[in-house]
Structure formats: structure tokens, C-alpha cells
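Letters A, B, ... mirror the listed sequences (proteins, then strands); counts begin at 1. Atoms considered below: every heavy atom in the structure, side chains included; atoms not considered: hydrogens, waters and symmetry mates.
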Protein chains: 2
Amino acid sequence: MVNDSLHGLVEQRLRQVCQRYTNGRREVVELLARAGYPVSIGDIAELAPRLPRSSAYRHLVNLQQAGVVRRVSGNDEFSRFELAEEITEHHHHLVCTHCGKVIDVTPTKAFEEAMNKYLASLAASHGFASDDHRLDILGSCSTCRAPQPQL
Amino acid sequence: MVNDSLHGLVEQRLRQVCQRYTNGRREVVELLARAGYPVSIGDIAELAPRLPRSSAYRHLVNLQQAGVVRRVSGNDEFSRFELAEEITEHHHHLVCTHCGKVIDVTPTKAFEEAMNKYLASLAASHGFASDDHRLDILGSCSTCRAPQPQL
DNA sequence: TCCGGATTGAGACTCAGTCTCAAAAGAGGC
DNA sequence: GCCTCTTTTGAGACTGAGTCTCAATCCGGA
Ligand SMILES: [Zn+2]
Ligand SMILES: [Zn+2]
Ligand SMILES: [Zn+2]
Ligand SMILES: [Zn+2]
């Protein structure tokens, strides 16, 4: 969903930290919105070859500070980035342990409520105040599970 | 729990991939067992200053291949390592978003069963076969929540 | 238009993590 | 013990993701 309200929201958030919504930043935001899954710097270089690396990194940092972008750690050593949940919605990740692909999944409300309740008590019993959670499902995607056509 | 059966188990696992259980590797395993939380390379350098970095990294790689050690990604850019769940037990992490501290928490069986059931169906609906999951609870630890004594 | 602060791009730089290779340690046979 | 072969180890070179610097450019407001 690459709608117009998205850009309004992003601009507003950037303003709150005295930053402008420039073309480069807009390009990153649109790329993330279009992708719909956590994107690595390599992905960004492919999807937006004209965007210099140093700028891409900086835009990601700025957008993170504005609460627009979130860093996601997958199973490999590369950082991935996606729009923050306040911009899209709360969700979890399916991570393929073979090819590293990450896709988003939205849980049911019932599951989330049960989970949050449980996690709060678990955290409290260790002196933590729980704000949020991160749930990744590790497995193998259909492509990696398919019989190899040739090898 | 740094008991003796641990070392027997580790040795057996290493044997299965034709590797010896040497002093350096034993040192890493004992360090991880003693720590009881996911440990960074920096932590290892502090806790075992005599162990060269290149060796520490290699031991971790070898122990991972033997299924003794698992890499954990926290909230920062550093890798952390802990004993694999097959060696200890399945658990989740409480991550302090302020100081980066990570501690282990063991869930109840009932929660795990409900979760696994739900995750399997969620994964299946996206063509994934789910093997495992990773659940981090983000929040603030008691230290970081305590009123600052001076500032 | 002019000014001052924010933004950008190119490239140098940092440093976690990997690789190389020669020295050291084990295992096994004798 | 001694010799040989294989595995492991340590020092340091190397790689590359991510950061920092700085001069050039952009942009908003007076
Ligand atoms: Zn896959
Ligand atoms: Zn959730
Ligand atoms: Zn803390
Ligand atoms: Zn679990």
C-alpha cells in the first residue's frame, strides 16, 4: 500500500526532529513501502542504483531517528530495514534459514492479546517492563523446499 | 549449571563432525555455560583475555557447526553467542532497549505448545514449513528504570 | 536575491569478522 | 620414547559493511 497518507505521515515525523522530507528520503520510503518486506542495503542498491550508498545509509539512520524506519536482524550478518510498525502495522517475520528470505506475517488479534498478557508477566517476574516484542518464525520457504530441478 | 555431563555432550557432538574437544574450545564452552546469557566477542575478550580473538571466532564457528553454540542477534550490531537449546533448553530473551543487556527466560510448556501450534498454521498459510521460533521481549531492565542517583 | 542551516555525494576510514600460513599439539604406529 | 601425519592454534594480513568528513549543493525565509 503506497498511498499518499504515508508520505504525509513521514513528513510530519521528520519535521518533529527538524528534518526535511527530501527526494532521497522519499525514494527510500517508497522503496520500503513497495517492497513490503525487510530490505537489505544490497536490495536497496539493486532497487535504486542511482542512490549513493553513503546517502542510503544516512537516510536510513535519519528515518530511524524519526521513528519511520526500523532495523530488523535476520539470520545472516546483514542488517535489513522496514517501515516502523507505527507506520504500517504490528507483524512478525517468517525467516527462511536456507536462503535468508524474510517475509511479513500479520498475527490475529487474539493471538497478540494472549501473547502480550503472557509476556508482560514473564518480563515482570524478571524485573523487566515489557514494551514490545519481536517474534520470528524460522523455517524453509516453498522455493527452498521444492525439489531441485537440476543439480 | 556447569556440570560434567555438559562436556561429555559437547565432546560427542564435536566428534560427530570429526573435531576434537580441545582446551580452547572447552574454555569457550565453560565461559558460555557460566555466563548463562548471550555473550558478545567483547565479553569473551574480557572473560578470557588469554584467548586470542581469531581463535575465539574459530571456536565459535566450529561449535556452531557441531550444534553446540547458537548465534543470537540482539538490538545492536554485535553478534552474541550462547549454548544451543539442545544443550540447555528452549528459552526466549528479555532485551533491554536502553543498555542492550540480554537475559534468558524459560516459557511455560502450555505457552510454548499454544505458540507452536499457532505458528505452524501461520507459516503454512504462507508456504513455509516452520522449524523453530525466536521470541524477544523488548523493554527496560530494572537498572535502567531506576531513578538516576545523580545527573 | 542573499544568507545560513540542512542535505548530499565521493571517498577515506573504522573495525567486526574472515582468511592464511607457519608453528604447535595430538593421535597412532612402531 | 620417536617418527609421521593430521588437526589445531596464534599472529597478523585482509575483507567489506557501515561510519565519518568535508566541500558542494539545495532550500526556506528574510
Ligand atoms: Zn528460502
Ligand atoms: Zn506480535
Ligand atoms: Zn538496561
Ligand atoms: Zn518458545
Novice: Given atom NE2 of His59(B) and atom C1' of dG10(D), what is their separation to the nearest angstrom?
Specialist: 10 Å

Novice: Please tell me if the side chains of Leu119(B) and Phe128(B) come closer than 4.5 Å, counting only heavy atoms from C-beta onward.
Specialist: no

Novice: Report the distance from atom OH of Tyr21(A) to atom C1' of dC26(D), rounded to the nearest whole Å.
Specialist: 18 Å

Novice: Roughly how many Å is it from CZ in Phe78(A) to C1' in dA16(C), rounded to a whole number?
Specialist: 13 Å

Novice: Among Arg13(A), Arg15(A), His7(A), Glu11(A), find the one that has a side-chain hydrogen bond (donor to acceptor under 3.5 Å, both in side chains) with Tyr21(A).
Specialist: His7(A)

Novice: So, do His133(B) and His90(B) have ring centers that fall under 6.0 Å from each other?
Specialist: yes

Novice: If you go through the side-chain atoms of Arg58(A), does one of them form a donor-acceptor pair with the base of dG9(C) closer than 3.5 Å?
Specialist: yes

Novice: Return yes if a side-chain donor-acceptor contact under 3.5 Å exists between Thr106(A) and Glu89(A), otherwise no.
Specialist: yes

Novice: Check whether any side-chain N or O of Arg53(B) sits under 4.0 Å from OP1 or OP2 of dG17(C), and answer yes or no.
Specialist: no

Novice: For Phe81(B) and dA16(C), give me the distance from atom CZ to atom P, rounded to whole Å.
Specialist: 13 Å

Novice: Out of dA17(D), dT7(C), dT9(D), which has the shortest distance to the side chain of Tyr57(A)?
Specialist: dA17(D)

Novice: Is any side-chain nitrogen or oxygen of Ser79(B) closer than 4.0 Å to OP1 or OP2 of dG17(C)?
Specialist: yes

Novice: Considering only heavy atoms from C-beta outward, does the side chain of Pro107(B) approach that of Tyr118(A) to under 4.5 Å?
Specialist: yes

Novice: Which residue, Asn23(B) or Glu77(B), contacts DNA chain C at a nucleotide closer to its 5' end, judged by nearest heavy atom?
Specialist: Glu77(B)

Novice: So do the side chains of Val39(B) and Glu82(B) get within less than 4.5 Å of each other, counting heavy atoms only?
Specialist: no

Novice: Could you check which residues of residues 36-47 of chain A get a heavy atom under 4.0 Å from DNA chain D? Sort them by number, please.
Specialist: Ile41(A)

Novice: Inspect the contact between Lys117(A) and Glu113(A) and indicate whether a charged nitrogen and a carboxylate oxygen are less than 4.0 angstrom apart.
Specialist: no

Novice: Cluster question for you: counting only ILVMFWY and a side-chain heavy-atom cut-off of under 4.5 Å, with indirect links fine, are Leu94(A) and Val102(A) together?
Specialist: no

Novice: Has Arg25(B) got a side-chain N or O lying under 4.0 Å from the OP1 or OP2 atom of dT9(D)?
Specialist: yes

Novice: Here's a test of your reading of the structure: between Val61(B) and Arg50(A), which maps to the more 5' nucleotide of DNA chain C?
Specialist: Arg50(A)

Novice: Once you round it to whole Å, what is the distance between P of dC19(C) and CG of Leu60(B)?
Specialist: 15 Å

Novice: Strictly below 4.0 Å: does Ser55(B) bring a side-chain N or O up to OP1 or OP2 of dG10(D)?
Specialist: yes

Novice: It should be established whether Gln19(B) places a side-chain nitrogen or oxygen under 4.0 Å from OP1 or OP2 of nucleotide dT7(D).
Specialist: no

Novice: Given dT8(D), dC19(C), dT7(C), which nucleotide is nearest the side-chain atoms of Thr22(A)?
Specialist: dT7(C)

Novice: Nearest-Å distance, CG (Asn62(A)) to C1' (dG18(D))?
Specialist: 15 Å

Novice: At how many degrees, to 10°, do the end axes of the helix from dT1(C)-dA30(D) to dC30(C)-dG1(D) meet when each uses five pairs?
Specialist: 30°

Novice: Would you kindly say whether His92(B) and Asp136(B) are connected by a side-chain donor-acceptor distance under 3.5 Å?
Specialist: no

Novice: Among dT6(D), dG10(D), dA17(D), which nucleotide sits nearest the side chain of Arg20(B)?
Specialist: dT6(D)

Novice: Examine Val72(A) and Leu47(A) and state if one hydrophobic cluster contains both, with Ile, Leu, Val, Met, Phe, Trp and Tyr joined whenever side-chain heavy atoms are less than 4.5 Å apart.
Specialist: no

Novice: Figure out the CG/C1' separation between Leu51(A) and dA10(C), and round it to whole Å.
Specialist: 14 Å

Novice: Using whole Å, what does the distance between atom P of nucleotide dA27(C) and atom CZ of Arg15(B) come to?
Specialist: 9 Å

